[in-house]
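Take a look at the structure set out below.
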Amino acid sequence: PGPGVDNPSMDPRPPTLLIVEDNEMNLEALSRLLMRRGFQVLGAGSGEEALRTAAGSHPDLILMDIGLPGIDGYETTRRLKADPATAAIPVIALTAHALVSDRERAFAAGCVEFDTKPIDLARLTAKISGCLGR
Ligand code: MN
(Lines give C-alpha, C1' and ligand atoms only; values in the text may rest on other atoms or scores of the structure.)
Protein backbone atom coordinates (compact mmCIF):
# COMPACT_ATOMS: atom_id res chain seq x y z
CA PRO A 1 0.00 0.00 0.00
CA GLY A 2 1.11 3.53 -0.76
CA PRO A 3 1.30 6.45 1.65
CA GLY A 4 -1.54 8.71 2.76
CA VAL A 5 -5.27 8.11 2.53
CA ASP A 6 -4.85 4.85 0.65
CA ASN A 7 -2.97 3.31 3.52
CA PRO A 8 -5.25 2.31 6.37
CA SER A 9 -2.28 0.79 8.21
CA MET A 10 -1.17 4.39 9.00
CA ASP A 11 -3.97 4.42 11.59
CA PRO A 12 -3.01 2.71 14.85
CA ARG A 13 -6.17 0.63 14.74
CA PRO A 14 -6.84 -0.95 11.34
CA PRO A 15 -10.42 -0.29 10.22
CA THR A 16 -12.75 -3.28 10.36
CA LEU A 17 -14.85 -3.97 7.28
CA LEU A 18 -17.86 -6.27 7.21
CA ILE A 19 -18.24 -7.82 3.76
CA VAL A 20 -21.75 -9.10 3.07
CA GLU A 21 -21.61 -11.48 0.10
CA ASP A 22 -23.47 -14.74 -0.50
CA ASN A 23 -20.99 -16.07 -3.06
CA GLU A 24 -18.36 -17.78 -0.92
CA MET A 25 -15.61 -17.53 -3.52
CA ASN A 26 -16.22 -13.82 -4.06
CA LEU A 27 -16.29 -13.27 -0.30
CA GLU A 28 -12.99 -15.04 0.16
CA ALA A 29 -11.27 -13.30 -2.76
CA LEU A 30 -12.40 -9.82 -1.71
CA SER A 31 -11.54 -10.50 1.94
CA ARG A 32 -8.02 -11.53 1.01
CA LEU A 33 -7.48 -8.44 -1.17
CA LEU A 34 -8.73 -6.06 1.50
CA MET A 35 -6.75 -7.75 4.30
CA ARG A 36 -3.65 -7.30 2.16
CA ARG A 37 -4.53 -3.60 2.06
CA GLY A 38 -4.37 -3.50 5.86
CA PHE A 39 -8.05 -3.84 6.78
CA GLN A 40 -9.50 -6.18 9.34
CA VAL A 41 -12.23 -8.13 7.61
CA LEU A 42 -15.41 -9.84 8.82
CA GLY A 43 -17.69 -11.78 6.49
CA ALA A 44 -21.41 -12.51 6.35
CA GLY A 45 -23.16 -14.74 3.81
CA SER A 46 -26.69 -13.37 4.27
CA GLY A 47 -28.55 -10.26 5.38
CA GLU A 48 -29.61 -11.91 8.63
CA GLU A 49 -26.02 -12.84 9.44
CA ALA A 50 -24.92 -9.30 8.54
CA LEU A 51 -27.41 -7.80 11.02
CA ARG A 52 -26.14 -10.06 13.82
CA THR A 53 -22.48 -9.43 13.02
CA ALA A 54 -22.90 -5.67 12.66
CA ALA A 55 -24.71 -5.43 16.01
CA GLY A 56 -22.19 -7.67 17.75
CA SER A 57 -18.91 -6.45 16.25
CA HIS A 58 -19.56 -2.81 15.26
CA PRO A 59 -17.46 -2.73 12.06
CA ASP A 60 -16.26 0.66 10.78
CA LEU A 61 -17.85 0.11 7.37
CA ILE A 62 -20.04 -2.42 5.58
CA LEU A 63 -19.74 -3.59 1.96
CA MET A 64 -23.24 -4.75 1.05
CA ASP A 65 -23.99 -7.11 -1.81
CA ILE A 66 -27.52 -6.32 -3.02
CA GLY A 67 -28.43 -9.77 -4.37
CA LEU A 68 -28.69 -11.96 -1.28
CA PRO A 69 -30.80 -14.98 -0.36
CA GLY A 70 -33.53 -14.12 2.15
CA ILE A 71 -33.64 -10.40 2.85
CA ASP A 72 -31.76 -8.53 0.12
CA GLY A 73 -29.09 -5.87 0.54
CA TYR A 74 -31.59 -3.01 0.37
CA GLU A 75 -33.73 -4.42 3.18
CA THR A 76 -30.66 -5.35 5.23
CA THR A 77 -29.40 -1.77 4.92
CA ARG A 78 -32.81 -0.37 5.91
CA ARG A 79 -32.78 -2.55 9.05
CA LEU A 80 -29.20 -1.50 9.90
CA LYS A 81 -30.23 2.15 9.58
CA ALA A 82 -33.36 1.61 11.70
CA ASP A 83 -31.31 0.22 14.62
CA PRO A 84 -29.57 2.94 16.67
CA ALA A 85 -26.76 0.46 17.44
CA THR A 86 -25.80 0.16 13.75
CA ALA A 87 -27.32 3.26 12.11
CA ALA A 88 -24.04 5.22 12.02
CA ILE A 89 -22.04 2.54 10.19
CA PRO A 90 -21.51 3.63 6.56
CA VAL A 91 -22.76 1.10 4.00
CA ILE A 92 -21.41 0.81 0.45
CA ALA A 93 -23.73 -1.08 -1.90
CA LEU A 94 -22.17 -3.56 -4.33
CA THR A 95 -24.11 -4.78 -7.32
CA ALA A 96 -23.53 -6.23 -10.74
CA HIS A 97 -26.05 -3.73 -12.13
CA ALA A 98 -25.03 -0.16 -12.86
CA LEU A 99 -28.56 1.02 -13.52
CA VAL A 100 -29.56 4.45 -12.23
CA SER A 101 -32.56 2.83 -10.51
CA ASP A 102 -30.25 0.48 -8.55
CA ARG A 103 -28.19 3.46 -7.41
CA GLU A 104 -31.29 5.34 -6.35
CA ARG A 105 -32.68 2.36 -4.49
CA ALA A 106 -29.34 1.89 -2.68
CA PHE A 107 -29.22 5.52 -1.58
CA ALA A 108 -32.90 5.46 -0.60
CA ALA A 109 -32.19 2.41 1.60
CA GLY A 110 -29.46 4.35 3.41
CA CYS A 111 -26.25 3.46 1.57
CA VAL A 112 -23.68 6.28 1.37
CA GLU A 113 -21.85 4.89 -1.64
CA PHE A 114 -22.37 2.53 -4.53
CA ASP A 115 -19.99 0.43 -6.57
CA THR A 116 -20.37 -2.18 -9.27
CA LYS A 117 -19.03 -5.67 -9.80
CA PRO A 118 -16.65 -6.90 -11.03
CA ILE A 119 -14.69 -5.17 -8.28
CA ASP A 120 -12.07 -2.62 -9.30
CA LEU A 121 -9.91 -2.70 -6.17
CA ALA A 122 -8.37 0.77 -6.61
CA ARG A 123 -11.79 2.34 -7.18
CA LEU A 124 -13.37 0.46 -4.28
CA THR A 125 -10.59 1.22 -1.78
CA ALA A 126 -10.78 4.91 -2.76
CA LYS A 127 -14.50 4.86 -1.91
CA ILE A 128 -13.82 2.99 1.35
CA SER A 129 -11.19 5.56 2.35
CA GLY A 130 -13.57 8.39 1.48
CA CYS A 131 -16.33 6.89 3.62
CA LEU A 132 -13.94 6.32 6.53
CA GLY A 133 -12.75 9.92 6.27
CA ARG A 134 -9.13 8.94 5.83
MN1 MN B 1 -25.04 -11.98 -4.36
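In listed order, ligands and their atoms are each counted from 1. Note that the structure is predicted; figures quoted are calculated from it, not measured. We count residues from 1, following the sequence as given.
- A single hydrophobic cluster is not seen to contain both V112 and L17; linkage of ILVMFWY side chains at heavy-atom distances under 4.5 Å, directly or through other members, places them apart.
- Residue L63 is tested with V20, L30, L18, L27 for a side-chain contact (heavy atoms from CB on, under 4.5 Å); the sole match is L30.
- Using a 4.0 Å cut-off between charged side-chain N and carboxylate O, E21 and K117 make a salt bridge.
- Side-chain contact between F39 and L132: present, with at least one pair of heavy atoms (C-beta onward) separated by less than 4.5 Å.
- F107 belongs to a hydrophobic cluster whose remaining members, ordered by chain and number, are F114; membership requires side-chain heavy atoms of ILVMFWY residues under 4.5 Å apart, directly or through intermediates.
- Around the Mn ion (ligand 1), protein atoms of type N, O or S found under 2.8 Å number 3.
- With contacts defined as side-chain heavy-atom distances shorter than 4.5 Å, the pair V91/K81 qualifies.
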